[in-house]
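Because the structure is a prediction, the values reported are computed rather than measured. The basis for the numbers below is simple: all heavy atoms, side chains too, and nothing from hydrogens, waters or symmetry mates. Residue numbers count from 1 along this sequence. Just so you know, ligand 1 is whichever comes first in the structure, and atom 1 is the first atom listed for that ligand.
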Amino acid sequence: MKALTRLEEHLGELTQVFEQARQRAVLQAEPVLASYALAIDAVDLLELFCRVDQPCAEAVFWRAADGGRSLFGWGVAAELSGAGEQRFASVDQQWQHWLRSAVIHGPQPPLLCGGFRFDHQVQASSAWQGFGDASMRLMTLLLIRDADACWLLCQQLVGPADTAQSRCEQVLNEWHGLMDRYLSAPVVTPPAQHRRDQSLPRACWESKIVQALDALRDTSMKKVVLAREVLSEFSRAVSPGRTLARLASNDPAAYLFAFRRQQSCFIGASPERLVKLDGGRLQTLALAGTSRRDPDPQQDAQLAQALLDCEKNRHEHALVVQIIESSLAPWASQLQVPATPSVQRLSRVQHLSTVIEGRLRPQTSLLQVVEALHPTPAVGGHERQQAMAHIRHCEGFDRGWYAAPLGWLDAQGNGEFIVGLRSALLNGEQARLFAGCGIVPCSDPASEYEETCIKLAGMQLALQA
Ligand SMILES: C=C(O[C@H]1C=CC=C(C(=O)O)[C@@H]1O)C(=O)O
């Protein structure tokens, strides 16, 4: 807590940074990005997220699966958005534009975090209002933790008509709001009791799989991923903090994320990295092919071996590897692609997984790679346009940010995006849960349905009182 109260001591420097940005903004006649970072004592960012768990907070939490970087963002200073086909490019261009004149101070560069809608061609349903086709936010306060090092980043967009003082005040107001919530006694609300679930009846969903199998037989489409949405209702508002804490303890090997926007929170524990970029080194992951886990280690090892030996799962997986490799080729060199997959174990499921590494080509940005990869056949299908059209016409609900790229990028071009799987959209007493499966010609509708149930179980457990 001591670590979190030092901002006032830096007010002089903070004002100087904002003043410099204001002067540039006057010269350029447009707002200028200003960021000020300072090292602070290590803070448990998950605990921070849980303690400031109150409705209407604009907050973000993100934690890498390898226990690497965690982020906690509070308050929105500015947002880069985009719509339609150009959404990745337009965020990229606006970000580059801001960075050309930015005033940056301290040991961490400015950083955006947010996400992209799964399919920009589908109109957002009312549940997903506020999330956008592309929405990368400059959070007013961003806490970054890498291993034991921790930083506080204050970010603002300073306009020509602003004063440095007014910008400082905004940062301090957010800071005090955060501290008030953090330091006040936690509001202990009784846990929400699960009331009921609504979803497409099993037979109807399985008939969609039969329809997909027909399409795989009758067209040149080779794979399509179909998902289910389950609308769960609870006795009272579901707490994002409590849910996130449970996800963290139930599945420590997953990426954790929570995007709080107005009354809603998109939350999850995803096993799937889309792409990580660190100093030009690129890492991505092909993840497809699933089996359940078994509490008995011997049985569990047998299930893993059966997954590796299963022709259907190997085919489903190989398609993902092949497409990721070809999608990356224009953007990355020296690609290393292992010939055989390994097994990635999570608490409830195990997946076939292949780590793919390479070097980013010059003049290429992280968002160009994200755009090239999304949607991989692990969440869309192959051929991509055919599969997307099939999902659009047959799935029957709005995926929103489910199965979409979520993550962060910084002013040095580094960043990481994951795929928004094993997730739910919380809104008051309701939670929409999502899970899907890759359908290939020999898929069995009943087994696919059961696979979605296992994939949903992690979130269901986290939501349970
Ligand atoms: C689409 C999902 O999982 C994908 C990722 C891993 C394994 C998958 C599979 O085996 O079908 C899916 O492609 C989901 O969890 O909703």
Return the residue, atom name and 0.1 Å-rounded distance of the protein heavy atom closest to atom 15 (O) of ligand 1. Arg422 NE, 2.6 Å

Which residue and atom name correspond to the protein heavy atom nearest atom 10 (O) of ligand 1, and how close is it? Thr290 OG1, 2.4 Å

Out of all atoms in ligand 1, which are within 4.0 Å of some heavy atom of Cys437? Include the element for each. 11 (O)

Sub-4.0 Å atoms of ligand 1 with respect to non-hydrogen atoms of Ala435: 16 (O)

Please state whether Ala227 comes within less than 4.0 angstrom of ligand 1, counting heavy atoms only. no

Quick note on ligand 1: atoms under 4.0 Å from a heavy atom of His351 include exactly 6 (C), 7 (C)

Between Phe266 and Phe257, is the gap from one ring center to the other below 6.0 Å? yes

Indicate yes or no: at least one non-hydrogen side-chain atom of Leu303 is less than 4.5 angstrom from one of Arg293. no

Ring-face cation of Arg261 near Phe131 (centre distance under 6.0 Å, axis angle within 45°): yes

How close does the nearest protein non-hydrogen atom get to atom 8 (C) of ligand 1, and which residue and atom is it? Lys455 NZ, 3.3 Å

Could you list which atoms of ligand 1 come closer than 4.0 Å to a heavy atom of Glu272? 5 (C)

At less than 4.0 angstrom from any non-hydrogen atom of Glu316, what atoms of ligand 1 do you find? 9 (C), 10 (O), 11 (O)

Nearest-0.5 Å distance that lies between atom CE in Met139 and atom CG in Leu112: 11.0 Å

Contact atoms of ligand 1, heavy-atom distance to Gly289 under 4.0 Å: 9 (C), 10 (O)

How far is atom 4 (C) of ligand 1 from the closest protein heavy atom, and which atom is that? Ala378 O, 3.4 Å

Are Arg181 and Trp74 in a cation-pi setup, meaning NZ or CZ lies under 6.0 angstrom from the ring centre and within 45 degrees of the ring axis? no

With distance as the sole test, does Arg217 use its side chain to make a donor-acceptor pair with the main-chain N or O of Pro441 at under 3.5 Å? no

Treating Ser423 as the side-chain partner and Gly268 as the backbone partner, does any N or O pair qualify as donor plus acceptor under 3.5 Å? no

Any idea which atoms of ligand 1 are less than 4.0 Å away from a heavy-atom of Leu287? 5 (C), 6 (C)

If you scan protein heavy atoms around atom 2 (C) of ligand 1, the nearest is Gly436 O, 3.3 Å

Compute the shortest N/O to N/O distance between Glu451 and ligand 1 and return yes if it is under 3.5 Å, no if not. yes

Nearest non-hydrogen partners of Val91 and Gly82, listed with the distance: CG2-N, 4.3 Å

Describe, in one word, how the ring planes of Phe434 and Phe397 are oriented to each other, choosing from parallel (under 30°), tilted (30 to 60°) and perpendicular (over 60°). parallel

Is the backbone N or O of Gly407 less than 3.5 Å from a side-chain atom of Glu416, with the two atoms forming a donor-acceptor pair by type? no

Measure from the side-chain N and O atoms of Glu383 to the backbone N and O of Gln386, and report whether any donor-acceptor pair falls under 3.5 Å. yes

Atom 11 (O) of ligand 1 [closest protein heavy-atom partner, distance rounded to 0.1 Å]: Gly438 N, 2.9 Å

Does Tyr402 come within less than 4.0 angstrom of ligand 1, counting non-hydrogen atoms of the residue? yes

Would you mind telling me if ligand 1 is within reach of the side chain of Leu421, the backbone, both or neither, using heavy atoms under 4.0 Å? side chain

